[in-house]
Amino acid sequence: MIIATLEGSWLFLQRALLAFAIEVPLFIWLKNILKRNRPAVRAQFRPVIKPADKFSFPSGHSTAAFLFAALVIASFPVWSSVVYVWAFGVAISRVALGVHFPSDVIAGAILGTSIGAAVMAVLQ
């Protein structure tokens, strides 16, 4: 509701709807094509949480966090520091919780940022 009162909020909403409509099926498709097992598959390793699905590459949480960060920064640059620290925290938490390898979250960050850039190029 607060965002709706800010200048640029309608464009932000349009970009977010399009971007997440692309992001969700894309990262699910990639996971199911690439089929990289999670760290928890190893017998000597136990994750802190139970992952929602079987495969880990790329990290969907990291993809979404960096996509959201890219969109927020384009529309509301004053929040750039806060939103990127938050996105980085999301990515690190996935590794710390034992459900992703570092390369999973790096790929997610690149994928999310790329989707954001592509959507912003289309919806200017």
**Study point:** Same cluster (ILVMFWY, side-chain, under 4.5 Å), Phe20 and Trp86
**Key:** yes
Check your understanding: side chain to side chain contact (heavy atoms under 4.5 Å, CB included) between Leu67 and Thr113: does it pass, once the steps are laid out?
Key -> CA-CA 5 Å; Leu67 170 56; Thr113 303; over 6 Å; no
Exercise for review: Not counting sequence neighbours, list each pair that qualifies as a salt bridge (Lys or Arg N to Asp or Glu O under 4.0 Å) and has a residue in residues 89-111.
Suggested key: Arg36-Asp104
Study note, to complete from the structure: Taken to the nearest 0.5 Å, the spacing of Asn37 CG from Lys54 NZ works out to 6.5 Å
Point to revise | Stepwise side chain to side chain contact (heavy atoms under 4.5 Å, CB included) test for Val119 and Ile22 | key: CA-CA 9 Å; Val119 166; Ile22 294 167; 4.0 Å; yes
**Study point:** Verify same cluster id: Leu123, Val72 (apolar side-chain graph, 4.5 Å)
**Key:** yes
Review point. Where does the angle between the aromatic ring planes of Phe12 and Phe68 fall among parallel (under 30°), tilted (30 to 60°) and perpendicular (over 60°)?
Key: perpendicular
Exercise for review: With rounding to the nearest 0.5 Å, note down the distance linking CD1 in Ile92 to OG in Ser62.
Suggested key: 8.5 Å
Exercise for review: Keeping to residues at least two apart or across chains, list the salt bridge (Lys or Arg N to Asp or Glu O under 4.0 Å) pairs with something in residues 61-89.
Suggested key: none
Study note, to complete from the structure: So OG of Ser93 and NE2 of His100: to nearest 0.5 Å the spacing works out to 9.0 Å
Point to revise | Between CD1 on residue Ile115 and OG1 on residue Thr63, distance to nearest 0.5 Å | key: 6.5 Å
Point to revise | salt bridge (Lys or Arg N to Asp or Glu O under 4.0 Å) pairs, two or more places apart, involving residues 10-35 | key: Lys31-Asp53
Practice item. List the steps, then state whether side chain to side chain contact (heavy atoms under 4.5 Å, CB included) holds for Trp79 with Ile73. Key: CA-CA 6 Å; Trp79 292 100; Ile73 288 164; over 6 Å; no
Exercise for review: Assess whether ring pair (Phe, Tyr, Trp, His ring centres under 6.0 Å) is satisfied between Phe57 and Phe101, documenting all intermediate values.
Suggested key: CA-CA 8 Å; Phe57 188 89; Phe101 295 103; 9.6 Å; no
Revision key, fill the gap. What one should report as the nearest heavy-atom pair of Leu30 and Pro58 is CB-CD, 3.8 Å
**Study point:** Distance in Å, Leu71 CG paired with Phe76 CZ, rounded so as to fall on 0.5 Å steps
**Key:** 10.0 Å
Check your understanding: Taking all atoms of both residues into account, what is the closest heavy-atom pair of Ala70 and Met120, and its distance?
Key -> O-CE, 3.7 Å
